[in-house]
Amino acid sequence: QVQLVESGGGLVQAGGSLRLSCAASGSIFSINIMAWYRQAPGKQRNLVARITTGGSTNHADSVKGRFTISRDGAKNTVYLQMNSLKPEDTAVYYCNAVVAVVGGRYSNYWGQGTQVTVSS
């Protein structure tokens with residue numbers, strides 16, 4: 001049983017910044033990967049960025065140079081620093097993690113999503 005709790009979403013002007021956080025809790029044995037996805041109305045859910053336990057990262061081309069993913073392993077928390085926000089960044093942002101529960105196997109978990117709205 002794993003819960004992902006997101007925070008940091010909201011309304012921001014174009015060019016502004018937001019920092020999203022996602023903390024995993026529950027009977028966690030280990031976490032392989034944590035990631036951020038986003039989905040705008042009527043569009044597919046797309047990967048924004050991901051990070052491994054060792055700290056290797058991958059960012060979508062659309063956010064490279066503007067967004068940075070990071071993690072705090074001790075807190076089971078992943079962050080997404082979003083700078084130079086654009087209206088096209090408006091979406092629901094979802095935290096995702098591949099987690100092994102105590103006594104179980106790895107499974108994919110999702111947060112509830114947090115709305116990010118960038119005004120022009």
What donor-acceptor contacts under 3.5 angstrom involve side-chain atoms of residues 108-119, with partners at least two apart or in another chain?
from: Asn108; atom 1: OD1; to: Asn96; atom 2: ND2; distance (Å): 2.3
from: Asn108; atom 1: OD1; to: Trp110; atom 2: NE1; distance (Å): 3.3
from: Gln112; atom 1: NE2; to: Glu6; atom 2: OE1; distance (Å): 3.3
from: Gln115; atom 1: NE2; to: Ala91; atom 2: O; distance (Å): 3.4
from: Gln115; atom 1: NE2; to: Thr117; atom 2: OG1; distance (Å): 3.3

Only pairs under 3.5 Å count here: list side-chain donor-acceptor contacts from residues 48-56, not counting sequence neighbours, and write none if there are none.
from: Thr52; atom 1: OG1; to: Gly54; atom 2: N; distance (Å): 3.4
from: Thr52; atom 1: OG1; to: Gly55; atom 2: N; distance (Å): 3.4
from: Thr52; atom 1: OG1; to: Ser56; atom 2: N; distance (Å): 3.1
from: Thr53; atom 1: OG1; to: Ile31; atom 2: O; distance (Å): 2.6
from: Thr53; atom 1: OG1; to: Asn32; atom 2: O; distance (Å): 3.2

Apply the test side chain to side chain contact (heavy atoms under 4.5 Å, CB included) to residues Gln3 and Ser25: give CA-CA distance (whole Å), side-chain angles for both, the deciding distance (0.1 Å), then the verdict.
CA-CA 5 Å; Gln3 184 180 23; Ser25 62; 3.9 Å; yes

Step-by-step salt bridge (Lys or Arg N to Asp or Glu O under 4.0 Å) determination, Asp61 to Lys64
CA-CA 5 Å; Asp61 289 342; Lys64 284 182 179 178; 3.1 Å; yes

Is there a side chain to side chain contact (heavy atoms under 4.5 Å, CB included) between Cys95 and Val78? Walk through the geometry before answering.
CA-CA 8 Å; Cys95 180; Val78 64; 3.9 Å; yes

Could you walk me through whether Glu88 and Thr90 pass side chain to side chain contact (heavy atoms under 4.5 Å, CB included), step by step?
CA-CA 5 Å; Glu88 51 262 45; Thr90 296; over 6 Å; no

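Of all heavy-atom pairs between Tyr106 and Ser30, the closest is OH-OG, 2.5 Å. Looking at every heavy atom in both residues, Arg66 comes nearest to Ser84 through NH1-O, 3.0 Å. Residues Thr68 and His59 approach most closely at CA-NE2, 3.5 Å, considering heavy atoms. Taking each heavy atom of Leu18 and Gly8 in turn, the nearest pair found is CD2-O, 3.8 Å.
Arg38 places a side-chain heavy atom less than 4.5 Å from the side chain of Ser62. Using a 4.5 Å heavy-atom threshold, the side chains of Val101 and Phe29 count as separate. Taking 4.5 Å as the limit, every side-chain heavy atom of Phe67 sits out of range of all side-chain heavy atoms of Ile69. The shortest side-chain heavy-atom distance between Val102 and Ile28 does not fall under the 4.5 Å cut-off.
The line from CE of Met34 to CG of Asp72 is 10.5 Å long, rounded to the nearest 0.5 Å. In this structure, the separation between CZ on Arg71 and SG on Cys22 is 10.5 Å, given to the nearest 0.5 Å. Note that the OG atom of Ser120 and the NZ atom of Lys86 stand 13.5 Å from one another [nearest 0.5 Å].
By the rule that hydrophobic residues join a cluster once side-chain heavy atoms approach within less than 4.5 Å of another member, Met82 and Leu11 end up as members of separate clusters. Leu20 is connected to Val12 through a chain of hydrophobic side-chain contacts under 4.5 Å among Ile, Leu, Val, Met, Phe, Trp and Tyr, so both are in one cluster. No continuous path of hydrophobic side-chain contacts links Tyr93 to Tyr37 [ILVMFWY only; heavy atoms under 4.5 Å]. Leu4 is not connected to Val92 by any chain of hydrophobic side-chain contacts under 4.5 Å among Ile, Leu, Val, Met, Phe, Trp and Tyr, and they are in different clusters.
Cation-pi check for Arg45 over Tyr94 is met; the charged atom lies under 6.0 angstrom from the ring centroid and within 45 degrees of its normal.
Residues satisfying the side chain to side chain contact (heavy atoms under 4.5 Å, CB included) criterion with Ser17, sequence neighbours excluded, are Gln81, Asn83.
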